2 protein chains.
Amino acid sequence: MTRLSFRQKVHLAREDAIVATVKRLLAEKGFDLMTVDEVAAEVGIAKASLYKHFPSKEALAAAAMVQMMELALQQAQAQDAQPGASAIDKLKGITRWTLQTQVAGEMPTLPAENSSLRSALIAHKGYMDGLMQLSEQLGAWIVQAQSDGTVNRALPPEAVLYTIFARACDPVLGFLKAGGSHTDAQIVDWVMLTCFDGLAGRPAAG
Amino acid sequence: MTRLSFRQKVHLAREDAIVATVKRLLAEKGFDLMTVDEVAAEVGIAKASLYKHFPSKEALAAAAMVQMMELALQQAQAQDAQPGASAIDKLKGITRWTLQTQVAGEMPTLPAENSSLRSALIAHKGYMDGLMQLSEQLGAWIVQAQSDGTVNRALPPEAVLYTIFARACDPVLGFLKAGGSHTDAQIVDWVMLTCFDGLAGRPAAG
DNA sequence: GTCTATAAGAGGATAGAC
DNA sequence: GTCTATCCTCTTATAGAC
């Protein structure tokens with residue numbers, strides 16, 4: 001680890017402040033409705049200064065998404081650090097973290113099918129590396145859980161993986177929260193229930 | 001029913017063509033990425049002519065969403081027309097129709113949390129009426145299915161309702177389709193399975 | 001690297017002739 | 001009601017002084 005000059009530290013701190021603001025705005029409004037002017041105003045610097053740190057709006061968002069991916073990877077490692085946890089426990093753990101993050105308004109929205117952000121992210125090595133690493137980690141748990149019988153063997157592992165990823169942008173959380181009569185924890189519990197146990201009633205034996 | 005002059009028929013036919021184009025473009029790219037120029041070009045008329053039929057881009061999209069809502073209501077009535085169908089069967093029927101429509105690329109995307117389309121739709125009487133009617137229809141089935149025990153009683157009916165509505169914009173379908181190695185029917189079956197039975201393995205008795 | 005000022009362009013909407 | 005041509009606003013991005 002190289003020692004940093006004071007100036008470098010200030011530089012990094014400012015970039016962190018920028019990325020934090022972008023993360024929040026992405027979670028609030030999504031990529032298309034977030035404007036660079038807005039980011040600059042909230043950080044408290046001029047727009048031109050923003051462009052000295054990040055070359056484009058896409059790069060700005062990519063930096064935020066990379067940080068989110070790093071958080072997710074940390075969570076995945078935290079699941080693996082639990083000694084007695086089974087594969088399904090780990091899958092539920094990372095899913096719950098995703099839902100909690102989203103309901104707290106801290107999950108930047110994933111790129112929609114046709115966003116210009118999508119191609120920028122696909123071209124972004126740091127993001128794609130993180131995504132691959134996370135996919136492999138979850139994929140291993142899924143295969144394990146299916147051989148356990150704790151995840152339905154009729155589903156291809158990729159379908160399970162995508163279903164868990166999709167919880168990051170599940171609109172059901174927002175709908176229930178808009179009602180205003182439930183706590184965040186209660187909402188997360190219900191979505192966890194539908195995700196892993198489905199809408200259908202379980203037979204009495206279950 | 002008033003008889004229509006030839007000119008009126010042509011007028012309505014053109015509006016139908018416009019709405020059909022908007023529905024397709026909404027399904028393809030969503031509201032924000034769809035441009036009015038594009039709509040005009042695909043319909044084959046000038047943009048100014050479009051604005052003689054619909055006063056704004058929001059009104060254009062609202063007309064498409066209203067038509068979609070009417071299709072959904074027809075489907076709901078079709079479910080009720082099945083003589084031996086139970087409540088859970090009807091819920092599964094409308095959900096399957098939703099998934100099939102989306103995987104076929106014919107489901108206009110629902111308004112995101114902060115789209116300008118959202119407020120326009122909320123202010124649109126025809127859309128809101130349809131939405132209420134559909135909600136009440138599904139709500140009745142949900143209550144019935146919960147008293148049957150065929151839908152999990154631990155879930156509040158609104159959570160079940162939102163979960164079914166959310167299938168209209170479930171990104172899992174798109175992810176699986178992008179892989180290219182599954183048929184649409186297979187994809188729909190898997191998402192139906194996760195929606196109603198969840199990711200978890202069922203006990204052998206199930 | 002920060003600022004003010006501005007370019008460059010996309011996209012929603014309209015004017016006015018026919 | 002349809003067209004061509006235009007307006008106007010918003011937004012990304014950059015120029016150039018300090």
Side-chain angles (χ1 to χ4, degrees), chain A residues 4-19 21-22 25-26 28-65 111-112 114-121 123-124, chain B residues 4-19 21-22 25-26 28-65 111-112 114-121 123-124:
Chain A
L4 299 178
S5 70
F6 177 73
R7 185 165 290 180
Q8 284 172 318
K9 285 182 191 168
V10 169
H11 184 85
L12 284 180
R14 176 144 292 174
E15 292 206 339
D16 275 350
I18 294 172
V19 172
T21 298
V22 171
L25 286 174
L26 277 183
E28 276 175 27
K29 351 183 38 170
F31 181 72
D32 291 329
L33 275 69
M34 178 188 80
T35 71
V36 178
D37 295 75
E38 195 175 18
V39 175
E42 298 225 3
V43 175
I45 62 177
K47 183 164 55 166
S49 304
L50 258 192
Y51 278 94
K52 298 286 182 181
H53 290 274
F54 299 92
S56 71
K57 184 186 178 184
E58 280 76 16
L60 213 50
M65 295 303 293
N114 278 289
S115 174
S116 60
L117 178 57
R118 187 183 157 81
S119 48
L121 282 178
H124 194 293
Chain B
L4 299 177
S5 70
F6 176 74
R7 185 165 291 180
Q8 284 172 319
K9 285 182 192 168
V10 169
H11 183 86
L12 285 179
R14 176 144 295 175
E15 292 205 341
D16 275 350
I18 294 171
V19 172
T21 299
V22 171
L25 286 175
L26 278 183
E28 276 175 26
K29 350 181 42 168
F31 181 72
D32 291 329
L33 276 69
M34 177 188 82
T35 69
V36 178
D37 294 76
E38 195 176 17
V39 175
E42 297 226 3
V43 175
I45 63 177
K47 182 163 58 165
S49 304
L50 257 193
Y51 278 94
K52 297 287 183 182
H53 290 273
F54 299 92
S56 69
K57 184 186 178 185
E58 281 76 16
L60 214 49
M65 294 304 292
N114 279 288
S115 176
S116 60
L117 178 57
R118 186 183 159 82
S119 47
L121 282 178
H124 194 293

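Predicted, not measured: the structure shown is a model, and the values here were computed from it.
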Closer than 3.5 angstrom, by distance alone: can the side chain of B:Lys57 be matched with the main-chain N or O of B:Leu117 as a donor-acceptor pair?
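Such a contact is absent between B:Lys57 side chain and B:Leu117 backbone.
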
Ignoring hydrogens and angles, tell me if any N or O in the side chain of A:Lys29 forms a donor-acceptor pair with the backbone of A:Thr35 under 3.5 Å.
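No, the answer is negative, given that no donor and acceptor are paired below the 3.5 Å cut-off.
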
With respect to the side chain of [X], which nucleotide from [options] is positioned closest?
| X | options | result |
| --- | --- | --- |
| A:Tyr51 | D:dG1, D:dT12, C:dA13 | D:dT12 |
| B:Ala48 | D:dG1, D:dT4, D:dT14 | D:dT4 |
| A:Val36 | D:dA15, D:dT12, C:dA13 | D:dT12 |
| A:Ala46 | C:dT4, D:dG1, C:dT2 | C:dT4 |

Hey, are the side chains of A:His53 and A:His11 touching, using non-hydrogen atoms and a 4.5 Å cut-off?
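Side-chain contact under 4.5 Å: yes.
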
Side-chain N,O ([X]) to OP1/OP2 ([N]) below 4.0 Å:
| X | N | value |
| --- | --- | --- |
| A:His53 | C:dG1 | no |
| A:Arg7 | C:dG1 | no |
| A:Ser49 | C:dC3 | yes |

Whole-Å distance between [N] [atom2] and [X] [atom1]?
| X | N | atom1 | atom2 | answer |
| --- | --- | --- | --- | --- |
| A:Lys47 | C:dA7 | NZ | C1' | 11 Å |
| B:Leu50 | D:dT2 | CG | P | 9 Å |
| A:Asp32 | C:dG12 | CG | C1' | 16 Å |
| A:Lys29 | D:dC10 | NZ | C1' | 13 Å |
| B:Phe54 | D:dT2 | CZ | C1' | 16 Å |
| A:Asp37 | C:dA5 | CG | C1' | 13 Å |
| A:Lys52 | D:dT14 | NZ | P | 10 Å |
| B:Leu117 | C:dG12 | CG | C1' | 15 Å |

Return the minimal non-hydrogen interatomic distance between B:Ala63 and B:Phe54, and the atom names on each side.
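For B:Ala63 versus B:Phe54, the nearest heavy atoms are CB-CE2, 3.7 Å.
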
Testing the basics here: between B:Ala64 and B:Val22, what is the closest heavy-atom pair and its distance to 0.1 Å?
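Taking every non-hydrogen atom into account, CB-CG1, 3.7 Å.
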
Going by modelled atom types, is there a donor-acceptor pair between the base of C:dG11 and the side chain of B:Lys57 at under 3.5 Å?
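A donor-acceptor contact between them is absent.
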
First of B:Thr35 and A:Ile45 reached from the 5' end of DNA chain C, by closest nucleotide
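Comparing both residues, the 5'-ward one is A:Ile45.
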
